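Every number for a ligand or one of its atoms is a count from 1 in the order of the listing. Fair warning: this is a prediction, and the values are worked out from it, not measured in the lab.
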Amino acid sequence: MGVLDIVPAGVLSGDETRKLFEYAKENKFAIPAINVTSSSTANAVLEAARDAKSPIIIQVSQGGSAYFAGKGLANDKQQASIAGATAAAHHVRTVAKAYGVPVVLHSDHCAKKLLPWFDGMLEADEAYFKEHQEPLFSSHMLDLSEESKEENIATCVKYFKRMAAVGLFLEMEIGITGGEEDGVDNTSVDNASLYTQPEDVYEIHDALSKISPNFSIAAAFGNVHGVYKPGNVKLHPELLEKHQKHASEKLGGKVEKPLYLVFHGGSGSSKEEINTAVANGVVKMNVDTDTQFAYMLGIRDFMEGKKGYIQTQVGNPEGADKPNKKYYDPRVWVREGEKTLVTRVKEACADLGNINRL
Ligand SMILES: O=C(CO)COP(=O)(O)O
Ligand SMILES: O=C[C@H](O)COP(=O)(O)O
Ligand SMILES: [Zn+2]
Ligand SMILES: [Zn+2]
């Protein structure tokens, strides 16, 4: 039995997303969530998943969404982020089935000030649901982790009711991810808020499970966005076991790991940290910085290696009359970035045990 016995190829609904996460948790593997910013990066992620025979999560951040629509557009009311997220979703929906893999289509961190972006995506989900009886996306993230716990939970409850009505999955964040996300600077937050407490995690589980089972929790365990030289924030994925134990006890002990947990800041993590996280019920690990670097690598090497062929349209080291069209065509050099991105996404799949899972 494999993932395709549980869920179909193509973009999954919220219910199917939960079924996939349940299967991953039972079989002790997790699925990488890769941030994409263009059809090129999205296609490379799908290509990697197809080659690795793996389900995959494709996500867009607020800034990545705006980029997808075009940096030349105004975004003062989140209009470019809404249009770009919608365009990215339609693109992935259109091509995903051709790659033959199940895809969780997700939007990344949405802080309080970015809620108009969330509202716009939700309206697109609701419109899509009217026509197709399923939402446009599989899942969205709400990140009110910088607000009080009470406000965080209340906001999630409010949105989750509307999301559940159209079959969406919710990811929420409690405890802060360090580093940077979408112009939110968490580089100097208080250390304690980088580690979530089991009681807080259960309080969220209790509030959200009354609405629908289709949600996950990004509980902080020292996560940081970006790759920096080792500092004083240390990743402690072993703490996640406490969340599962506490929730299990509160729920009567029948289910050993009741929570679907999410690992933010996957870039630069050691294999050991990843293994511990997966053993403790992490079903989704976000990777952005490392895949950004990977996409650049192929293009950098091409530009360096073919330097003599990209200075003028005609004339290269092989002769003054030789044409260079085969070198400056973006399908050639952008493709090199796609190839190195494919390799890095496959590595993320391997790290998480997400290989040959279809
Ligand atoms: O958590 C992430 C996106 O939400 C990705 O973090 P990294 O950029 O550190 O991989
Ligand atoms: O939030 C973290 C993700 O890496 C998104 O980053 P971004 O805002 O640079 O797109
Ligand atoms: Zn956050
Ligand atoms: Zn994150």
Side-chain angles (χ1 to χ4, degrees), residues 30-38 41-42 45 56-71 75 78 80-82 84-85 88 104-114 117-118 121 137 139-146 152 170-187 189 193-194 196 216-231 233-235 237 240 261-271 273-274 277 282-296 341 344-345 347-349 351-352:
I31 301 146
I34 313 293
N35 284 70
V36 305
T37 53
S38 61
T41 46
V45 173
I56 198 75
I57 304 169
I58 290 186
Q59 60 188 21
V60 285
S61 69
Q62 178 264 354
S65 297
Y67 185 87
F68 207 105
K71 285 292 275 185
N75 203 21
Q78 298 299 323
S81 289
I82 295 165
V104 175
L105 183 58
H106 177 74
S107 64
D108 204 5
H109 298 266
C110 182
K112 188 177 180 178
K113 66 173 184 186
L114 300 178
W117 171 51
F118 201 93
M121 290 190 290
F137 281 82
S139 163
H140 296 292
M141 179 180 192
L142 277 172
D143 180 1
L144 280 283
S145 58
E146 273 146 290
N152 187 348
L170 168 70
E171 175 184 334
M172 68 81 67
E173 177 167 323
I174 174 88
I176 291 176
T177 305
E180 262 185 81
E181 72 198 33
D182 281 327
V184 179
D185 185 359
N186 291 333
T187 43
V189 287
S193 53
L194 301 176
T196 311
S216 61
I217 302 175
F221 52 97
N223 315 63
V224 175
H225 289 134
V227 175
Y228 305 94
K229 74 175 167 116
V233 183
K234 189 156 166 26
L235 212 52
L240 299 177
L261 297 172
V262 179
F263 183 156
H264 278 257
S267 296
S269 302
S270 71
K271 314 280 175 206
E273 289 164 337
I274 294 171
V282 159
V283 291
K284 170 178 185 274
M285 182 176 87
N286 292 0
V287 185
D288 185 15
T289 306
D290 278 0
T291 43
Q292 288 179 330
F293 184 70
Y295 189 61
M296 181 277 300
L341 175 53
R344 183 62 186 82
V345 174
E347 186 187 327
C349 288
D351 288 348
L352 294 165

Check [X] against [Y] and note the closest heavy-atom contact, atom names and distance.
{"X": "Ser38", "Y": "Thr41", "value": "OG-OG1, 2.9 Å"}
{"X": "Ala42", "Y": "Val36", "value": "CA-CG1, 3.7 Å"}
{"X": "Ile274", "Y": "Asp351", "value": "CG2-O, 3.6 Å"}
{"X": "Cys110", "Y": "Phe118", "value": "SG-CB, 3.8 Å"}

Self-check item: Pairs satisfying salt bridge (Lys or Arg N to Asp or Glu O under 4.0 Å), at least one member in residues 170-179, at least two apart
Solution: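 Those involving residues 170-179 are Glu171-Lys284.
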To the nearest 0.5 Å, what is the distance between [atom1] ([X]) and [atom2] ([Y])?
{"X": "Leu240", "Y": "Ile217", "atom1": "CG", "atom2": "CD1", "answer": "11.0 Å"}
{"X": "Met296", "Y": "Leu341", "atom1": "CE", "atom2": "CG", "answer": "12.0 Å"}
{"X": "His106", "Y": "Ile34", "atom1": "NE2", "atom2": "CD1", "answer": "12.5 Å"}
{"X": "Ile58", "Y": "Phe137", "atom1": "CD1", "atom2": "CZ", "answer": "11.0 Å"}
{"X": "Arg344", "Y": "Gln292", "atom1": "CZ", "atom2": "CD", "answer": "12.0 Å"}
{"X": "Trp117", "Y": "Ser107", "atom1": "CH2", "atom2": "OG", "answer": "4.5 Å"}

Quiz item: What protein atoms of element N, O or S are positioned under 2.8 Å from the Zn ion (ligand 4)?
Solution: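 You should have found His109 NE2, His225 NE2, His264 ND1.
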Which pairs of nitrogen or oxygen atoms, taken one from ligand 1 and one from the protein, are under 3.5 angstrom apart?
from     : atom 1 : to     : atom 2 : distance (Å)
ligand 1 : 1 (O)  : His225 : NE2    : 3.0
ligand 1 : 1 (O)  : His264 : ND1    : 3.2
ligand 1 : 1 (O)  : Gly265 : N      : 2.8
ligand 1 : 4 (O)  : Asp108 : OD1    : 2.9
ligand 1 : 4 (O)  : Asp108 : OD2    : 2.8
ligand 1 : 4 (O)  : His109 : NE2    : 3.1
ligand 1 : 4 (O)  : His264 : ND1    : 3.2
ligand 1 : 4 (O)  : Asn286 : ND2    : 3.1
ligand 1 : 6 (O)  : Gly265 : N      : 3.4
ligand 1 : 8 (O)  : Thr289 : N      : 2.9
ligand 1 : 8 (O)  : Thr289 : OG1    : 2.5
ligand 1 : 9 (O)  : Gly226 : N      : 2.9
ligand 1 : 10 (O) : Ser267 : N      : 3.1
ligand 1 : 10 (O) : Ser267 : OG     : 2.5
ligand 1 : 10 (O) : Asp288 : N      : 2.9

Quiz item: Do Asn75 side-chain atoms and Ser81 backbone N/O form a donor-acceptor pair below 3.5 Å?
Solution: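 A pair under 3.5 Å: yes.
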Practice problem: Verify, without hydrogens or angle tests, whether Asp290 (side chain) and Gly268 (backbone) share a donor-acceptor contact under 3.5 angstrom. | Solution: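 Such a contact is found between Asp290 side chain and Gly268 backbone.
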Practice problem: Could you name the protein residues that come within less than 4.0 Å of ligand 2, counting only heavy atoms, and order them by chain and residue number? | Solution: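 These residues qualify: Asn35, Ser61, Asp108, His109, Glu181, Asp182, His225, Asp288.
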